[in-house]
Protein chains: 2
Amino acid sequence: MGNAATREHIVDAADQLFYRHGYEHTTFSDIADVVQISRGNFYYHFRSKDEILDAVIKTRLKQTQELLEQWEADAEQPADRIRSFIHMWFANRADIALYGCPVGTLTTELAKLDHTSQRDATALFTLYRSWLRRQFTLLGRGADADALAMHLLAMSQGVAAVANAFRDEDFIAHEVTKMCEWLSSYTDDAERGTPDTDESHNRS
Amino acid sequence: MGNAATREHIVDAADQLFYRHGYEHTTFSDIADVVQISRGNFYYHFRSKDEILDAVIKTRLKQTQELLEQWEADAEQPADRIRSFIHMWFANRADIALYGCPVGTLTTELAKLDHTSQRDATALFTLYRSWLRRQFTLLGRGADADALAMHLLAMSQGVAAVANAFRDEDFIAHEVTKMCEWLSSYTDDAERGTPDTDESHNRS
DNA sequence: GTCTATATCACGATAGAC
DNA sequence: GTCTATCGTGATATAGAC
């Protein structure tokens, strides 16, 4: 079977290094320095560097899924759930100013490398997209729920990219406020609303 | 001195390859295949790969400067000039869906590599930022001109990143329309306006 | 100016001892 | 399971012929 703890250490270290320095730029030596194992020992746990990337993406997918479920459990109002998404950018603004968005930068890099794991990385985006779409649908925005989800994804991605370029975490704080205001305009709409779905959203 | 034409070929080919496959992933062999010269010949024109990157960024800076001056010469109304910026994303939507924004993806990559040319790449962003800020100032938005410029930069960067992730050029077309609508709300403001600057904007 | 040949090195990956 | 030693490859970069 193998030591699950060591494997987990490798994946965690690789996850951070891929985020901070990119997948291609990260070497086995870099990871070995963090995990404190020899380069040769990687191959007991993984057959190749690509397999480590696979494991990293799988871990991220699982963690993201759990995060989204948490947000859904923590708030009954879809607007509040979406605010959890927006607030995430504020909470992580220091890292984002230094390294960008983990999802966006990995996806962009794999696209340029024409890497086989490209689709798996995009699935991370799809997870957020579907979840946001569901929340907007619950807000009575069935017809344009996907467009709103995509728009919010784009806004947050853009904020991360520009904040990273200018190393400006205050810009993230500023734009998070604007995203919340943007969301409020749709929340208010829902109150006097024109729901596109038959399902009534409870207790709103 | 050296053959200026060959040097220019190298820079042009490197520019495209850096955009499509990233700086680090692009090798001398890749460039040599396009330019049809031997690997060794590079070092007559450049001392290192980093120097090719320098030349590429310098070329991009010059071309961007010329583009911005062109937009300024082509339209008297600052709103129309900003529309030229927005329209650029629509015109290049096919490439953007495949490779992302040339400025954004290069900046992000160099940030992760902690590359010395990072600041030069950011200067590309600054060129757009200052130009947009100037146009918004002319629109009578002196107080928040920089915030509006940054916001528009972020929106366009986000659209490029998401369109690239989902390989969706139609999304770019859709969001370009929304950006124009967003701009119109500020144009209309300027008409009945509350200019923050003493300078009146001519013929509006 | 452009070429071929080669130096040098770092990387991913393998083999086998313990 | 982890190690050391090493292979093979491909990258940047150099040297010198033409």
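Each chain gets a letter, A, B and so on, in the order its sequence line appears, and its residues count up from 1. Every heavy atom of this structure was used, including side-chain atoms; hydrogens, water molecules and symmetry mates were not.
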Contact letters for nucleotides 12-18 of chain D, in which S counts primed atoms plus P, OP1 and OP2 and B counts the base, heavy atoms under 4.0 Å
SBB----

Return a table of donor-acceptor pairs under 3.5 angstrom between the side chains of residues 5-17 of chain B and protein atoms on other chains or two or more places apart.
unit_1, atom_1, unit_2, atom_2, d
Thr6(B), OG1, Asn3(B), ND2, 3.4
Asp15(B), OD1, Arg60(B), NE, 2.8
Asp15(B), OD1, Arg60(B), NH2, 2.9

Give me each pair satisfying salt bridge (charged side-chain N to carboxylate O under 4.0 Å, His left out) with a member in residues 90-107 of chain B, each pair once, sequence neighbours excluded.
Arg93(B)-Glu169(B)

Taking only the side-chain nitrogens and oxygens of His45(A), find out if one of them lies under 4.0 Å from OP1 or OP2 of dT2(D).
yes

It should be established whether Tyr44(A) places a side-chain nitrogen or oxygen under 4.0 Å from OP1 or OP2 of nucleotide dT2(D).
no

Considering only heavy side-chain atoms of Ser38(A), the closest of dT4(D), dG1(C), dG1(D) is dT4(D)

Nearest-Å distance, CD1 (Ile31(B)) to C1' (dG10(D))?
15 Å

Please state how far atom NE2 in His25(A) lies from atom C1' in dG12(C), giving the value in whole angstrom units.
16 Å

Between side-chain atoms of residues 172-180 of chain A and protein atoms elsewhere (two or more places apart, or another chain), which donor-acceptor pairs fall under 3.5 Å?
unit_1, atom_1, unit_2, atom_2, d
Glu175(A), OE1, His151(B), ND1, 2.7
Glu175(A), OE2, His151(B), ND1, 3.3
Thr177(A), OG1, Ala173(A), O, 3.2

Here the salt bridge (charged side-chain N to carboxylate O under 4.0 Å, His left out) pairs for residues 127-138 of chain B, sequence neighbours left out, are Glu72(B)-Arg134(B), Arg129(B)-Asp146(B), Arg133(B)-Asp146(B)

Ring centroid separation Phe28(B) to Tyr43(B) under 6.0 Å
yes

If I take atom CZ in residue Phe42(A) and atom C1' in nucleotide dC11(C), what distance separates them, rounded to the nearest angstrom?
13 Å

Tell me the interatomic distance from Phe46(B), atom CZ, to dT2(C), atom P, rounded to whole angstroms.
12 Å

Can you tell me the distance, in whole Å, between the CZ atom of Arg7(A) and the P atom of dT2(D)?
13 Å

How many whole angstroms separate atom CD1 of Ile10(A) from atom P of dT2(D)?
8 Å

For Asp30(B), side-chain hydrogen bond (donor to acceptor under 3.5 Å, both in side chains) partners two or more places apart:
Thr27(B)

